[in-house]
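Everything below concerns the one structure shown next.
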2 protein chains.
Amino acid sequence: MTEIVPIIHIIDDDDSVRKAVSRLLKAAGYAVKSYATSGEFMMAENLESPGCIVLDVRMPGPSGLELQSALARRGNGLPIIFLTGHGDIPMSVRAMKAGAVDFLTKPVQRQELLSAVQNALDRQAKHLSEQTRNQHIRECYATLTEREREIMAHVVEGKLNKQIAATMGIAERTVKAHRAQVMSKMQVDSLADLVRTASGLEPSDG
Amino acid sequence: MTEIVPIIHIIDDDDSVRKAVSRLLKAAGYAVKSYATSGEFMMAENLESPGCIVLDVRMPGPSGLELQSALARRGNGLPIIFLTGHGDIPMSVRAMKAGAVDFLTKPVQRQELLSAVQNALDRQAKHLSEQTRNQHIRECYATLTEREREIMAHVVEGKLNKQIAATMGIAERTVKAHRAQVMSKMQVDSLADLVRTASGLEPSDG
DNA sequence: AACCGTATTGCACCAAAGGGCAGTCTGATT
DNA sequence: AATCAGACTGCCCTTTGGTGCAATACGGTT
């Protein structure tokens with residue numbers, strides 16, 4: 001069993017800060033990776049695996065806030081904990097609005113950072129499992145033909161086969177055929193499941 | 001038609017600030033009510049109707065943050081915009097974590113406040129309509145008998161009448177009878193609707 | 001030309017869902 | 001004692017849903 005260990009990504013241009021934070025987190029049992037710039041981080045590999053980011057705001061090159069929005073644009077779900085020595089209120093508010101888990105100021109209390117990291121990892125775990133589930137649903141949905149999707153939409157709306165057949169101008173038998181395909185391809189065995197599954201397709205976070 | 005107008009509640013101990021903010025918002029066409037203390041606000045009536053709160057943090061008596069958590073405890077959904085002259089980062093972060101729409105600093109830009117208020121009202125409108133819908137669902141659910149709720153749970157899970165009858169140790173005909181009651185009382189006319197309706201019962205925000 | 005996936009449909013049959021009607025039983029209320 | 005709501009059930013019938021089998025038609029591929 002190679003257990004999947006979450007990785008804490010530390011991004012800070014200050015070498016001493018990186019080392020200090022890294023040491024603190026390693027001592028707490030976390031796997032840590034450090035980067036001196038946003039760009040260096042973006043080059044890394046494990047950007048989609050579980051973990052979180054401890055991010056400095058003010059850095060040479062792209063700032064922490066810029067990195068945050070860049071990650072958001074490409075749908076990266078890694079939670080971010082800001083850690084800065086030269087922040088102000090508008091900056092922190094902007095970061096929090098953009099979804100940051102926390103916004104801490106240096107010097108940071110050991111416990112403060114640790115609990116922030118724990119929160120971040122919890123959030124990430126939840127986000128990741130939901131993501132995985134929705135991903136599977138989308139893959140199933142992708143195997144549906146255009147026609148099957150139309151039928152599915154009607155079925156999920158609660159329409160009767162008869163009604164669907166009427167509005168689509170086809171025989172009820174055909175609706176049944178497509179419907180069976182939908183149930184099979186979506187890997188559900190009850191209408192209730194299909195409806196729930198379908199709700200995992202619409203949401204905004206995609 | 002007496003159109004329902006959202007009310008902006010301004011809570012600030014500084015008389016001049018109240019007047020200034022009030023004037024600004026009235027000029028923008030909003031209905032405004034002012035309060036000098038958190039307690040005074042809690043005495044008001046329209047605490048559940050549409051609107052939002054523009055709140056000072058530092059005040060005699062309960063602070064803005066205390067008022068925020070008090071409102072949260074009693075499930076009040078009024079969005080809060082903090083407006084303070086003596087804030088710091090931890091304070092703003094705490095407020096944002098607790099669900100504040102924004103955390104502004106005095107002196108505030110006219111446009112900054114107005115867009116914050118607009119955001120708050122939008123959020124409130126969304127929250128309110130969802131709340132209303134869920135409220136109706138809960139009322140319907142409240143009319144179900146214990147037995148009917150059991151059947152509903154199984155139905156929503158996608159179980160067949162036959163299976164439900166077996167696990168509950170009753171006749172299938174009885175299940176059908178209860179099931180019909182459930183559909184009627186929940187005011188839905190398809191299983192799909194019932195499943196969706198049921199999803200409005202579970203969520204955490206209750 | 002042969003083949004395949006998709007859409008379409010008819011026929012027949014069985015399983016499941018929905019109701020109408022009627023009746024029993026129990027506990028609580030009047 | 002009378003009444004009522006809720007749970008429970010049987011009988012019977014209709015409507016829907018789900019499937020197997022078979023066949024037609026069309027467009028794209030090999």
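Letters go in sequence order (proteins before strands), and every chain restarts at 1.
- Distance, Gln163(A) CD to dG17(D) C1': 14 Å, rounded to whole Å.
- The nearest whole Å value for the distance from the CG atom in Leu160(A) to the P atom in dG18(D) is 11 Å.
- Per the geometry, CD1 belonging to Ile164(A) stands 11 Å off C1' belonging to dG17(D), to the nearest Å.
- Counting non-hydrogen atoms of neighbouring residues, nucleotides and ligands closer than 6.0 angstrom, the CD atom of Glu139(A) exceeds 12 such neighbours.
- Taking atom CG on Leu191(A) and atom P on dA17(C), their separation rounds to 11 Å, with Å as the unit.
- For the pair Gln181(B) CD and dA7(D) P, the computed distance is 8 Å after rounding to whole Å.
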Is there any protein nitrogen or oxygen under 3.5 Å from a nitrogen or oxygen in nucleotides 4-13 of chain C, and what are the pairs?
residue: dA7(C); atom: OP1; partner: Thr145(A); partner atom: OG1; Å: 2.7
residue: dA7(C); atom: OP2; partner: Thr145(A); partner atom: OG1; Å: 3.1
residue: dT8(C); atom: OP1; partner: Arg147(A); partner atom: NE; Å: 2.9
residue: dT8(C); atom: OP1; partner: Arg147(A); partner atom: NH2; Å: 2.7
residue: dT8(C); atom: OP2; partner: Arg147(A); partner atom: NE; Å: 3.1
residue: dT8(C); atom: OP2; partner: His178(A); partner atom: NE2; Å: 2.7
residue: dT9(C); atom: OP2; partner: Ala171(A); partner atom: N; Å: 2.6
residue: dT9(C); atom: OP2; partner: Thr174(A); partner atom: OG1; Å: 2.7
residue: dG10(C); atom: O6; partner: Arg173(A); partner atom: NE; Å: 3.3
residue: dC11(C); atom: N4; partner: Arg173(A); partner atom: NE; Å: 2.9

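- Each of Arg179(B), Glu172(B), Lys176(B) was scored for a side chain to side chain donor-acceptor pair (under 3.5 Å) with Asn161(B), with one residue passing: Arg179(B).
- Donor-acceptor pairing under 3.5 Å is lacking for the side chains of Asn134(A) and Glu130(A).
- Note on Lys162(A): every side-chain N or O is 4.0 Å or more away from OP1 and OP2 of dT15(D).
- The phosphate of dA17(C) has OP1 or OP2 within less than 4.0 Å of a side-chain N or O from Asn161(B).
- Between the CE atom of Met183(A) and the C1' atom of dG17(D) there is a distance of 10 Å, given to the nearest Å.
- Looking at Val5(A), Ile7(A), Leu121(A) one by one, the single match for side-chain contact (heavy atoms from CB on, under 4.5 Å) with Tyr30(A) turns out to be Leu121(A).
- The local environment of CZ in Arg58(B) is sparse, with at most 12 non-hydrogen atoms from other residues, nucleotides or ligands closer than 6.0 Å.
- The line from CD of Gln181(B) to CG of Leu144(B) is 9.0 Å long, rounded to the nearest 0.5 Å.
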